[in-house]
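One structure below.
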Amino acid sequence: MRMVRLLSSAAIFGVLMFCSCSNGYKIKTSELTVSLSDDGQITAITAGPDKIEKPVNAFTAIAGCRQEGKTVVQKTDDGGVWFERTLVCDSSKKSCVLIEKFIPTENSVRWETEIVGKDGGPWASVIQTKVRYPAQKNGTLFWTAWGTPQYDTLSVGSTLSKKLKVLSTGKPGPFFHKKVNSWVDPLVPVPFSNATYDYGAPRFQYSKPTFRFVPYIFCIPMVTVIEPSAKFGLTFGLSPEDEIIDLTMTTSASGDIAFDRYFNRISAEHPCKFSLDITAHADDWRPALAWMTKRYPAYFNPVNPEAHLLGGTGAYSNHFADFDAEKMEKMCFTVNWQASFDFPYMGMFLSPVGPNEQWTRFSGGKITVKAMNDYAAEMKRQGFYVFNYFNVTEFGTKIKYPAPPRSTKDDKDLWKDSNDYLYVKLPGGILPRPDSCVTKPEYMRATPPEPWYTWEGAIAMDCGDPAYRDFLLNQARRHVTELPDAFGICIDRMDWLRYFNERADDGIAWFGGKPVRSVVTSWKQLMDGMGPIFHDAGKFILVNNHVKRIDVLNHVDGIFDEFTYAGVPLNTTALLCVNKPALGWTDTDATVKKEGGDTFFQKYLYMGIFPMCPFPGNDHSIHPDPEVDQIYLDYGPLMQLMKSRVWVLEPHAISVENDLAKANIFKIPEGYSVPVVYGEESQVRVKIANVDEINNKTTCSAYYPGKETPAELKLVKDGSSWYMDVPLERGCAMIKLSIDN
């Protein structure tokens, strides 16, 4: 009999206990009880202040498989129970052993799954976690960390649709589904509906190889069920530490939830291991997200503790000339992700020459390493931070396929020609187009296995290739030592993480009926090496993460997202950065004008994101404009109150009476900031609950767009809560709560 022994948590937490009953088993913690059948299925969950038992059914399944033989059951030393089953795939006749452990912890029941291949060699099928919750049609709500909830079935003008506040954010682009360009409040739980959500981005398929933003994605693998009338919630949270290749979550109007994991290889050599925690909490999404942040801090917290300094509006500029620093400071400008194009071609970000030796920049002109650092030093002197451009999934310029004749004679000159360097030094890093992939003219120009082409004739790369990974890590070391006044790097184009290298094998993934290497896995392994290079030097790593997944943010200090001007990326960026700085993109001044300056800014304040500001030389982004500049200056003092912010995730921490406005609450060094936005009246009542630090000495000031002087407000105690009557200007106020201890 196979069994994994864990440290005994039962000995540590006296409230935890295991119960073997005549009709199954019970795992008990101080917050909930999970009932199990004799074959390892969850049959009920008891939770809430009134200890209400819900007939919840949950189990693990592998698509196309059936159980063979009996279930083996064993009590474990940690106070849990362990089940083992053999499953056989009807179509392939291959089999595996499914081992499940239910373990009580201090504040959850942990559900661990291990799948070990048994007979017939490696194979794959969809690995499913299914939950059947008895949702009440007019009572039960659910929430996840989504780009937008599935709201199509909600009647226009209903109370819930008003809470969601659907706003148009601009014209659809070629990379966007039309609904991506709508902003919908992601902090509102909704009734269960028939919907499917992709984890971070749609999974790669031969028939749909290219990347496109879709509305229904979730960025943290969790789902929260809320029972307002019973005053409790339940959350099923998957571990970001798992080897998740691709994942979807499907829901039904009746309360069914299914997590489907794709492309994990089932083998004896590398067992699939997954874990999920069931937690009980107040009837709100905030404590659910708080639990995830505390359980997996490496993914939610910046590695460099000084990352809060990066909060502020940003630029993507190659402007080396003087600019009005005082004006930019009033716009809360902080970070320039330098659109340097200083590199001779993509991937060769620092040419292998001495500090004063010149090379030709991609965008024209000459540059040296010393000149790059001098620029960063001057920006730092003025109080701004420079991040250098970096990319780990693309290489070259005007790459030819197959390899052309070599143009350089001496190996020391290989770097001068991207084709030479690629085919001599890094051929294994090429991410090939699969033979079975449908031809897309904008990406393909020949026959398989031609690489994927991208910007300016560069090609996509697999950063899991050992030679290419070493090349990237060496580039990282040079950035640290040769650009000491830069604050770090911002890594672009993470959309390639969806792809597979069918010429390599990571021992984990299985795609198209064969072993492959997932670029998700390649990224994680690369960052295990790259993260310490920058963080040990006191520097930072930002990312432009087109694939919105929490599990790829280990070693990452914050996000500078290229598409927050569309609603869905704004929401997912915010939820991934509850404890990290989040900077967003503004494509053009026309977007701000068309949406309306107040409408544009207030969703950024509400979600705790800093929009890109109009800066000279911005590349494919907002340029200075008198009208738009004034709007940024109007909102600059309000954005200052978001610097160093982290989200407050106490249950029911903030609300507005009668939903006459939207409000959020952030912790800042001086106390708290509360954006109140989209107000429907000239004055609203804002309530704060469960924030223990607020007391009778707390002072309250309201800042308004375009107003230099804040207004003093009265903070009134109401039982265990506090409230403020807040006058609004332009539908908005940014409240600062100053804590006097």
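Count residues from 1 along the sequence.
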Considering all heavy atoms of both residues, which atom of [X] and which atom of [Y] are nearest to each other, and what is their separation?
X	Y	answer
Thr586	Pro611	OG1-CB, 4.0 Å
Thr313	Met331	OG1-O, 3.1 Å
Leu713	Pro727	CD2-CD, 3.7 Å
Leu289	Trp143	CD2-CH2, 4.5 Å
Val56	Pro134	CG2-CD, 4.2 Å
Val726	Ala733	CG1-CB, 3.8 Å

[X] side chain to [Y] backbone, donor-acceptor under 3.5 Å:
X	Y	result
Gln602	Tyr678	yes
Arg286	Ala653	no
Lys580	Pro302	no
Thr564	Trp585	yes
Thr144	Trp146	no
Asp50	Lys231	no
Lys662	Lys163	yes

How long is the gap from OG1 on Thr698 to CD on Glu693, to the nearest 0.5 Å?
7.5 Å

Spacing of CG belonging to Asn545 relative to CZ belonging to Phe560, to within rounding of 0.5 Å:
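Between Asn545 CG and Phe560 CZ, I get 12.5 Å after rounding to 0.5 Å.
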
Is there a ring pair (Phe, Tyr, Trp, His ring centres under 6.0 Å) between Phe300 and Tyr296? Walk through the geometry before answering.
CA-CA 7 Å; Phe300 288 94; Tyr296 302 106; 7.7 Å; no

Lys707 meets the salt bridge (charged side-chain N to carboxylate O under 4.0 Å, His left out) criterion, sequence neighbours left out, with Glu729

Evaluate the side chain to side chain contact (heavy atoms under 4.5 Å, CB included) criterion for residues Phe232 and Lys54: first the C-alpha distance (whole Å), next the side-chain angles of each, then the deciding distance (0.1 Å), finally the verdict.
CA-CA 12 Å; Phe232 78 90; Lys54 290 284 186 178; 4.3 Å; yes

Would you tell me whether [X] and [Y] have side-chain atoms, one donor and one acceptor, within less than 3.5 Å of each other?
X	Y	result
Gln640	Tyr703	no
Asp598	Tyr635	yes
Tyr606	Asp185	yes

Using the ring pair (Phe, Tyr, Trp, His ring centres under 6.0 Å) definition, which of the options Tyr316, Phe615, Phe384, Phe487 pairs with Trp337?
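The passing option is Tyr316.
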
Over 12 non-hydrogen atoms of neighbours within 6.0 angstrom of NZ in Lys330
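Counting other residues, nucleotides and ligands, NZ of Lys330 stays at 12 neighbours or fewer.
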
Report the C-alpha separation of Leu553 and Ile559 in whole Å, then their side-chain angles, then the decisive distance to 0.1 Å, and conclude whether the side chain to side chain contact (heavy atoms under 4.5 Å, CB included) test is met.
CA-CA 9 Å; Leu553 296 186; Ile559 292 175; 4.1 Å; yes

How are the rings of Phe218 and Tyr197 set to each other: parallel, tilted or perpendicular (split at 30° and 60°)?
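It falls in the perpendicular class, over 60°.
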
According to the interplanar angle, ranging from 0 to 90°, do the rings of Phe563 and Tyr565 count as parallel (below 30°), tilted (30 to 60°) or perpendicular (above 60°)?
tilted

Go through it in stages, so that I can follow the logic: the residues are Asn107 and His281, the test is side-chain hydrogen bond (donor to acceptor under 3.5 Å, both in side chains), and I'd like the CA-CA distance, side-chain angles, deciding distance and then a yes or no.
CA-CA 10 Å; Asn107 52 21; His281 46 77; over 6 Å; no

